Amino acid sequence: MAKKSEITIAGAGPSGLAAAIILAKAGYHVLVFEQRSRVGERFNDDYQGLENWSRDEDVIDEIRAAGIELSWWSQPYCGGVLYDPSLRRVEIRSPQPLFYMLRRGSMHPQSLDLALYDQAINARVEIIFNRRIDPKAANIVACGPRGIPTAIAAGITFRTSFDDLACAILNDDMAPAGYVYFLVSEGQATLATVLFERFTEVQECMRRSMETIQRLYRVEYDNARHWGGYGSFSIPTTCERDGVLWIGEAAGFQDALFGFGIRNALVSAKLAAQSIIEERSYDELWRDRLLPHLKATAVSRAVYKKVGNVAKRGFWYLTGKNARPDRFMHWLYNFSPAHKLIYPFVTEAI
Ligand SMILES: Cc1cc2nc3c(=O)[nH]c(=O)nc-3n(C[C@H](O)[C@H](O)[C@H](O)COP(=O)(O)OP(=O)(O)OC[C@H]3O[C@@H](n4cnc5c(N)ncnc54)[C@H](O)[C@@H]3O)c2cc1C
């Protein structure tokens with residue numbers, strides 16, 4: 001790719017902002033177009049998790065090494081509570097953080113979105129709001145999910161006096177082929193269901209999830225804000241089309257197994273910036289760093305879907321009754337010989 005001093009980015013989500021920050025720090029003039037009126041408007045002051053199991057390197061170190069500061073509110077979680085399809089409970093404990101909880105949206109000043117926005121402004125990135133641009137007119141496309149959804153979510157956020165907690169439920173009546181998550185920190189709660197199939201049942205699934213969490217934890221949903229969202233996963237053949245680089249969920253860089261797309265978004269941003277700065281092939285960079293994980297989660301998803309409750313009970317057992325759940329998660333997200341054997345038969349998740 002020819003070296004440019006001006007870079008245009010479509011989309012001010014985590015991937016677009018991270019690419020903008022890294023490039024601006026490297027001396028480029030960066031212009032970001034965002035179709036909405038603020039960053040983070042796609043989200044709802046909800047808690048999300050930045051996964052820390054797919055690599056040996058801690059995700060925070062990886063992000064910092066890319067030139068992004070950890071300026072958002074973040075809380076490490078070494079475990080939580082997991083329920084199997086029969087609502088059997090197990091406590092997961094890992095010697096190191098399994099994920100870092102963070103906030104999304106445009107409401108909390110230390111949300112991931114607003115923190116990245118501040119870093120971008122400090123790095124002299126120019127951000128134009130309320131402007132949707134044609135991806136072909138950009139150098140980097142960071143427009144988020146597109147095409148047919150792989151997963152959809154419905155959720156609520158609300159204030160609570162409940163103690164801090166991270167909990168997930170694997171049950172098809174509440175979350176077909178997916179999971180329910182209930183996250184509480186500092187008096188704020190997020191409860192959501194993520195469906196990987198039977199999308200038309202989402203409202204009913206949400207109702208059942210609310211009832212179950214109320215029964216299990218006796219929470220009250222006072223002044224709950226309801227919201228929804230979706231994600232899309234694919235394994236691209238190229239992410240450099242006519243010299244335009246595709247990053248984050250726009251490129252299909254999601255997690256096919258559970259939908260943890262933030263790490264992929266930030267890492268792909270770093271790789272796109274690196275390819276511009278060092279004049280290297282972006283396709284080579286993302287294939288080397290991200291492709292094995294994309295393939296592994298596609299296989300894990302296909303198996304998870306195929307064997308239904310057996311997979312859920314197996315996952316429950318192998319994370320909950322295991323002294324190193326982080327190692328098991330690491331295995332699921334990396335392209336092992338077992339994944340390699342199954343991969344040629346995997347088409348559904350791609
Ligand atoms: C309910 C929900 C819960 C989730 N929970 C987790 C979680 O716990 N952990 C995790 O890792 N991931 C989670 N994810 C996924 C994660 O949020 C995404 O993978 C991540 O936000 C992708 O970042 P991105 O920058 O690629 O895209 P986005 O965050 O979607 O940002 C894209 C931006 O581009 C803008 N845009 C789109 N088209 C244009 C255009 N043509 N011109 C200008 N602007 C445009 C959009 O308005 C948006 O602001 C969740 C997703 C959902 C929906």
Side-chain angles (χ1 to χ4, degrees), residues 48-56 59 76-101 150-151 153 164-184 191-198 205 208-209 211-213 215-217 233 255-260 263 292-293 295-343 345-346 348-349:
Q48 296 188 5
L50 180 59
E51 63 87 356
N52 191 39
W53 54 69
S54 63
R55 307 276 290 183
D56 290 331
V59 62
Y77 273 74
C78 292
V81 177
L82 185 65
Y83 292 89
D84 82 349
S86 318
L87 293 185
R88 275 188 305 169
R89 180 185 195 279
V90 75
E91 272 200 35
I92 298 175
R93 295 208 176 282
S94 165
Q96 55 201 29
L98 277 172
F99 66 91
Y100 293 88
M101 198 141 99
T150 318
D164 290 5
L165 173 75
C167 143
I169 305 175
L170 308 170
N171 176 293
D172 275 348
D173 292 333
M174 290 179 247
Y179 58 100
V180 173
Y181 60 92
F182 178 44
L183 304 170
V184 184
L191 165 61
T193 173
V194 187
L195 288 72
F196 283 77
E197 51 189 47
R198 295 177 10 215
C205 288
R208 290 192 194 118
S209 305
E211 267 176 23
T212 305
I213 289 294
R215 211 171 51 243
L216 292 172
Y217 293 105
F233 169 89
D255 150 19
L257 183 56
F258 291 132
F260 286 80
R263 188 171 190 171
H293 298 296
K295 286 178 165 179
T297 65
V299 171
S300 297
R301 162 62 39 199
V303 172
Y304 193 82
K305 221 168 161 177
K306 189 91 188 155
V307 292
N309 276 351
V310 176
K312 292 186 189 72
R313 293 209 165 92
F315 180 80
W316 178 84
Y317 188 85
L318 289 166
T319 48
K321 307 281 182 185
N322 189 341
R324 295 301 304 261
D326 51 328
R327 287 200 185 141
F328 173 60
M329 293 300 287
H330 185 275
W331 178 80
L332 281 179
Y333 278 70
N334 282 275
F335 204 52
S336 68
H339 286 94
K340 204 170 179 178
L341 209 64
I342 301 169
Y343 186 69
F345 305 100
V346 173
E348 265 180 48

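We count residues from 1, following the sequence as given. These numbers come from the heavy atoms of this one structure, side chains and all, not from hydrogens, waters or symmetry mates. Predicted model, so just to flag it, every value in this text is computed and none were measured.
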Take the angle between the ring planes of Y217 and F182 and call it parallel below 30°, perpendicular above 60°, tilted in between.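 Taking F182 first and then Y217, their aromatic rings sit tilted (interplane angle of 30° to 60°).
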
Min side-chain heavy-atom separation [X]-[Y] under 4.5 Å:
X    : Y    : value
I169 : S209 : no
M329 : R324 : no
Y83  : L216 : yes
H330 : D56  : yes
V180 : T212 : no
R263 : R55  : yes
I92  : Y77  : no

Taking every non-hydrogen atom, the tightest pair across [X] and [Y]:
X    : Y    : value
V346 : A298 : CG1-O, 3.8 Å
M101 : V184 : CE-O, 4.1 Å
G178 : Y304 : O-OH, 4.0 Å
N52  : V59  : OD1-N, 2.8 Å
G79  : L98  : CA-CD1, 4.2 Å

Main chain of [Y], side chain of [X]: is a donor-acceptor contact present, judged purely on distance under 3.5 Å?
X    : Y    : answer
S54  : Y333 : no
R301 : A256 : yes
D84  : R313 : no
N334 : S336 : no
H339 : S300 : no
N171 : P85  : yes
W316 : L170 : no

Spacing of T319 atom OG1 and L332 atom CG [to the nearest 0.5 Å]: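 It is 9.0 Å, given to the nearest 0.5 Å.
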
So, for [X] and [Y], is the gap between ring centers shorter than 6.0 Å?
X    : Y    : value
W53  : F258 : no
F335 : Y343 : yes
F233 : F196 : no

Heavy atoms of other groups near R327 CZ, more than 12 under 6.0 Å: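 Open.
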
Tell me whether D172 is salt-bridged to K312, with the criterion being a basic N under 4.0 Å from an acidic carboxylate O.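 Salt bridge present between D172 and K312.
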
Is it the case that the side chains of T193 and R208 hold a donor-acceptor pair, with the cut-off being a distance below 3.5 Å and no angle test?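 No pair is found: no donor N or O on one side chain lies under 3.5 Å from an acceptor on the other.
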
Go through K306 and I342 one step at a time and tell me if the side chain to side chain contact (heavy atoms under 4.5 Å, CB included) criterion holds. CA-CA 12 Å; K306 189 91 188 155; I342 301 169; over 6 Å; no

